[in-house]
Amino acid sequence: QVQLVESGGGLVQAGGSLRLSCEASGRTFSSYAMGWFRQFPGKEREFVAAISRSGGSTFYADSVKGRFTISRDNAKNAVYLQMNNLKPEDTAVYYCAARTSLNAASVTTTPERYDYWGQGTQVTVSS
């Protein structure tokens, strides 16, 4: 079992930046591949970014590529999402998720394959 707690959300103007953090407790953090997802009102969660157990592999949704960066610090049991050049359409609740992974280089974009989820943090981008 692992518990995930997101932080860093808030209100920002278009073009601004935010850095989301997700801290994990419980089992060894380096056992998990991590992902960030977001959910718009009335919509299903959509993939944003993923990072492998080792941190050596990352993958991004086309909508955030070049603007968002996912990273992790296994020594601190944390994963981060640096969001730059934010747009009003990035407004959503952002969730981090953990997936037990035997492959150190594997990343996954499918929310159903993740085992644990945080409670979410609201990001609002004003125009």
Side-chain angles (χ1 to χ4, degrees):
Q1 189 82 7
V2 63
Q3 292 78 44
L4 303 173
V5 179
E6 301 99 333
S7 61
L11 174 64
V12 64
Q13 288 188 332
S17 298
L18 283 174
R19 188 194 194 206
L20 304 183
S21 298
C22 174
E23 295 188 4
S25 60
R27 291 181 56 189
T28 305
F29 181 67
S30 60
S31 300
Y32 298 96
M34 302 297 295
W36 284 98
F37 293 79
R38 63 187 180 185
Q39 189 167 22
F40 305 110
K43 299 288 184 67
E44 294 186 354
R45 290 181 188 181
E46 71 170 31
F47 170 76
V48 175
I51 190 166
S52 61
R53 283 174 45 195
S54 66
S57 298
T58 58
F59 192 77
Y60 297 92
D62 287 343
S63 58
V64 307
K65 199 173 296 183
R67 300 188 297 123
F68 291 10
T69 302
I70 188 171
S71 62
R72 66 187 296 160
D73 186 337
N74 285 346
K76 295 183 178 180
N77 284 8
V79 63
Y80 308 100
L81 186 68
Q82 177 67 43
M83 305 186 295
N84 298 328
N85 191 22
L86 282 160
K87 305 176 180 180
E89 52 263 42
D90 293 317
T91 296
V93 178
Y94 284 71
Y95 298 87
C96 73
R99 181 177 74 89
T100 304
S101 176
L102 299 179
N103 185 335
S106 174
V107 293
T108 300
T109 65
T110 307
E112 292 77 11
R113 296 188 64 186
Y114 283 80
D115 303 306
Y116 305 101
W117 292 84
Q119 82 289 349
T121 185
Q122 176 70 47
V123 171
T124 303
V125 185
S126 63
S127 57

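- Scanning all heavy atoms of the two residues, the minimum distance from E6 to W36 falls at CG-CZ3, 3.9 Å.
- Among residue pairs with one or both ends in residues 49-78, none qualify as disulfide bond (SG atoms under 2.5 Å apart); sequence neighbours excluded.
- Qualifying ring-ring contact (aromatic ring centres under 6.0 Å, His included) partners for F37, counting only residues two or more places apart in sequence or in other chains: F47, Y114, W117.
- Qualifying salt bridge (Lys or Arg N to Asp or Glu O under 4.0 Å) partners for K43, counting only residues two or more places apart in sequence or in other chains: none.
- Remark: T58 pairs with no residue by the side-chain hydrogen bond (donor to acceptor under 3.5 Å, both in side chains) rule, at least two apart or across chains.
- Distance check, rounded to the nearest 0.5 Å: NZ of K87 to OG of S127 gives 14.0 Å.
- Residues that satisfy the salt bridge (Lys or Arg N to Asp or Glu O under 4.0 Å) test with R67, not counting sequence neighbours, are D90.
- Below 30°, between 30° and 60°, or above 60°: for Y94 and F68 the angle between ring planes is between 30° and 60°, a tilted geometry.
- Across V2 and S25, no two heavy atoms sit closer than the pair CG2-O, 2.9 Å.
- Residues passing the salt bridge (Lys or Arg N to Asp or Glu O under 4.0 Å) test with E23: none are found, sequence neighbours excluded.
- Listed by first and then second residue, the disulfide bond (SG atoms under 2.5 Å apart) pairs involving residues 47-127 are C22-C96 (not counting sequence neighbours).
- The two residues A49 and Y60 have their closest heavy-atom pair at CB-CD2, 3.6 Å.
- Listed here is the closest heavy atom pair of N74 and S30: ND2-CB, 3.7 Å.
- Judged as a salt bridge (Lys or Arg N to Asp or Glu O under 4.0 Å), not a single pair has a partner in residues 70-86 (not counting sequence neighbours).
- Note on residues 46-56: pairs passing salt bridge (Lys or Arg N to Asp or Glu O under 4.0 Å), not counting sequence neighbours, are R38-E46.
- Between T91 and Q122, the closest side-chain pair of non-hydrogen atoms falls below 4.5 Å.
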Which pairs of donor and acceptor atoms, one on a side chain in residues 79-86, lie under 3.5 Å apart (sequence neighbours left out)?
unit_1 : atom_1 : unit_2 : atom_2 : d
Q82    : NE2    : N84    : OD1    : 2.9
N84    : OD1    : S17    : OG     : 2.9

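- With sequence neighbours left out, the side-chain hydrogen bond (donor to acceptor under 3.5 Å, both in side chains) criterion links E89 to no other residue.
- Applying the side chain to side chain contact (heavy atoms under 4.5 Å, CB included) test between L20 and each of I70, V123, V48 identifies V123 as the sole match.
- In this structure, OG1 in T69 is found 10.5 Å from CZ in R19, a value given to the nearest 0.5 Å.
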Below 3.5 Å, can you tabulate the donor-acceptor pairs from side chains in residues 104-112 to any protein atom, sequence neighbours excluded?
unit_1 : atom_1 : unit_2 : atom_2 : d
S106   : OG     : R99    : NH2    : 2.9
T108   : OG1    : R99    : NE     : 2.9
T108   : OG1    : R99    : NH2    : 2.8

